[in-house]
2 protein chains.
Amino acid sequence: MNRTGTPHPHQEEWLRLDRQICFSLHAAARAFNGVYRVILKDLGLTYPQYLVMLVLWEQGTLPVKKLGEHLRLDSGTLSPLLKRLESAGLVRRERSARDERSVEVGLTEEGAALRERALEVPRRIASATGFEVDEINDLRTRLDALTSALDAAALSGA
Amino acid sequence: MNRTGTPHPHQEEWLRLDRQICFSLHAAARAFNGVYRVILKDLGLTYPQYLVMLVLWEQGTLPVKKLGEHLRLDSGTLSPLLKRLESAGLVRRERSARDERSVEVGLTEEGAALRERALEVPRRIASATGFEVDEINDLRTRLDALTSALDAAALSGA
DNA sequence: CACGATTCAGTTGTGCACAACTAAATGGCG
DNA sequence: CGCCATTTAGTTGTGCACAACTGAATCGTG
């Protein structure tokens with residue numbers, strides 16, 4: 001399809017590389033998820049639920065909107081997830097008195113207490129990865145840069 | 001809770017770091033997914049469907065089992081996904097004659113032809129990330145190392 | 001050959017991600 | 001004040017991930 005001099009000589013190669021990088025990121029995310037799944041089972045939390053609890057432990061009560069900003073998740077994901085955490089007795093949801101549109105999400109006694117048991121999770125994860133703190137932080141920095149670039153590209157219409 | 005000399009002085013800090021690394025990886029995976037979603041919309045593929053097509057373009061016809069090994073996905077994920085690709089007219093599924101348990105997945109004419117249009121995807125992704133090929137490859141290597149460590153840990157019981 | 005263990009695809013049920021939408025409350029502007 | 005645009009949660013529908021299971025085919029061993 002390219003009689004004279006192949007204007008895109010590396011396209012085939014790029015498709016192969018794309019397969020590799022796509023797969024790597026996808027697999028890494030799922031592998032991470034899998035290890036957390038095992039460790040979090042003891043706490044009765046899924047990985048996304050753990051992320052929500054981490055924010056609540058750190059920030060205290062805050063509206064769904066703010067929670068979504070911290071986690072880059074919208075109400076379509078958070079609403080059912082928070083309902084499940086509420087059913088589990090870990091969080092409390094109540095309409096804000098000042099702004100009836102808003103719902104404040106806070107910890108119950110039980111939810112706050114769960115933090116004690118969660119303290120050992122990071123150590124177990126670190127030992128599972130076998131990575132040093134510096135390596136983890138370096139990887140995190142690169143991933144954040146990647147995410148920023150991707151978000152910017154998505155906004156500008158890919 | 002720790003009157004004499006705090007045997008775990010860094011646990012609180014680790015919980016904060018865990019929030020950061022969890023969030024970074026989770027966000028990166030979703031941001032990547034989002035950019036691919038936009039670009040793949042033209043091809044009528046989702047990101048996981050694109051991964052399947054990449055394998056088929058590279059490897060040709062192969063059983064569901066092998067496909068799953070390449071992608072680390074099981075039949076619970078692949079079966080419905082492949083049905084959708086079949087409905088879209090991109091792949092063909094048929095029971096192996098040699099082994100009636102196995103289902104061979106292959107490309108249709110249309111599926112094979114789609115490869116031409118997919119050739120530009122990696123370039124668009126690369127420009128979206130703004131990363132150089134070397135950087136991508138370096139990141140990929142680290143992610144693969146992480147995945148290997150996590151898989152090994154998962155097998156040994158976390 | 002027979003029969004129990006294994007392999008393979010598919011199904012079911014739960015949970016997350018996200019787009020598109022609804023409904024209620026709020027805020028701004030004429 | 002009255003009305004409309006915006007903000008905020010929530011709902012609906014589609015698709016993926018994975019655990020647990022089913023059922024059919026195959027294999028191994030006696």
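Below, read A as the first sequence line, B as the second, and so on, with proteins coming before strands; counting in each chain starts at 1.
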Grab the [atom1]-[atom2] distance between [X] and [N] for me, whole Å please.
X	N	atom1	atom2	answer
B:Arg95	D:dG23	CZ	C1'	10 Å
A:Glu86	D:dG10	CD	C1'	13 Å
A:Leu45	C:dG15	CG	C1'	13 Å
A:Leu82	C:dG15	CG	C1'	14 Å
A:Tyr50	C:dG15	OH	C1'	19 Å
A:Glu69	D:dA9	CD	C1'	14 Å
B:Asp151	D:dA17	CG	C1'	15 Å
B:Leu85	C:dG10	CG	P	13 Å

Hey, could you give me the CE/CD distance between A:Met53 and A:Glu58, rounded to the nearest 0.5 Å?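 The CD atom of A:Glu58 is 13.0 Å from CE of A:Met53, to the nearest 0.5 Å.
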Please report the interatomic distance CD1(B:Ile39) to CG(B:Leu45), rounded to the nearest 0.5 Å.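 Here the interatomic distance stands at 12.5 Å.
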Please enumerate all residues that pass ring-ring contact (aromatic ring centres under 6.0 Å, His included) together with A:His70, with sequence neighbours excluded.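 Testing A:His70 for ring-ring contact (aromatic ring centres under 6.0 Å, His included), a comparison that skips the adjacent residues, returns none.
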Between D:dA17, C:dA17, C:dT11, which nucleotide gets closest to the side-chain atoms of B:Pro48?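 So the nucleotide nearest the side chain must be D:dA17.
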Taking the side chain of A:His26 as heavy atoms from C-beta outward, which of D:dT26, D:dA17, C:dT11 is closest to it?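 The closest nucleotide is D:dA17.
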Heavy-atom nearest nucleotide on DNA chain D for A:Lys83 versus A:Asp99: which residue maps closer to 5'?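 On the 5' side of the pair lies A:Asp99.
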Taking for each residue the nucleotide of DNA chain D with the nearest heavy atom, is it B:Arg98 or A:Val103 whose nucleotide lies nearer the 5' end?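 The residue whose closest nucleotide sits nearer the 5' end is A:Val103.
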Should the pair [X]-[Y] be classified as a salt bridge under the 4.0 Å nitrogen-to-oxygen rule?
X	Y	value
B:Glu100	B:Arg95	no
A:Asp42	A:Arg124	yes
B:Arg16	B:Glu13	yes

What does nucleotides 18-24 of chain C look like as a protein-contact string, B for base, S for sugar-phosphate only, - for none, at under 4.0 angstrom between heavy atoms? B------
Going by number, which of residues 57-68 of chain B have a non-hydrogen atom under 4.0 Å from DNA chain C?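 Only B:Pro63, B:Val64, B:Lys65 qualify.
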Check every strand shown and say whether B:Thr46 touches a base, only sugar-phosphate, or nothing at a heavy-atom separation below 4.0 Å.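 Sugar-phosphate, backbone atoms only, no base.
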Touch class at under 4.0 angstrom, heavy-atom based, for B:Leu81 against every strand present: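 B:Leu81: backbone/sugar contact only, no base atoms under 4.0 Å.
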Check: B:Asp74 side chain, B:Thr77 main-chain N or O, donor-acceptor pair, under 3.5 Å: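 Pair found, side chain donor or acceptor close to backbone of B:Thr77.
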Main chain of A:Ser96, side chain of A:Ser102: is a donor-acceptor contact present, judged purely on distance under 3.5 Å?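 Looks like no, no N/O pair under 3.5 Å.
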How are the rings of A:Trp57 and A:Tyr50 set relative to one another: parallel (under 30°), tilted (30 to 60°) or perpendicular (over 60°)?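 Rings of A:Trp57 and A:Tyr50: perpendicular, over 60°.
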For the residue pair A:Tyr47 and B:His26, categorise the inter-ring angle as parallel (less than 30°), tilted (30 to 60°) or perpendicular (more than 60°).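 Rings of A:Tyr47 and B:His26: perpendicular, over 60°.
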5' precedence on DNA chain C between A:Ala97 and B:Leu78 (nearest-nucleotide basis):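 Whichever sits nearer the 5' end wins; that is B:Leu78.
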Does A:Arg93 have a side-chain nitrogen or oxygen under 4.0 Å from the phosphate oxygens OP1 or OP2 of D:dG10?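 Yes, within the criterion.
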Using only side-chain N and O atoms of B:Ser102, determine if any of them is under 4.0 Å from OP1 or OP2 of C:dA9.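 Answer yes for this pair, as a side-chain N or O of B:Ser102 is under 4.0 Å from OP1 or OP2.
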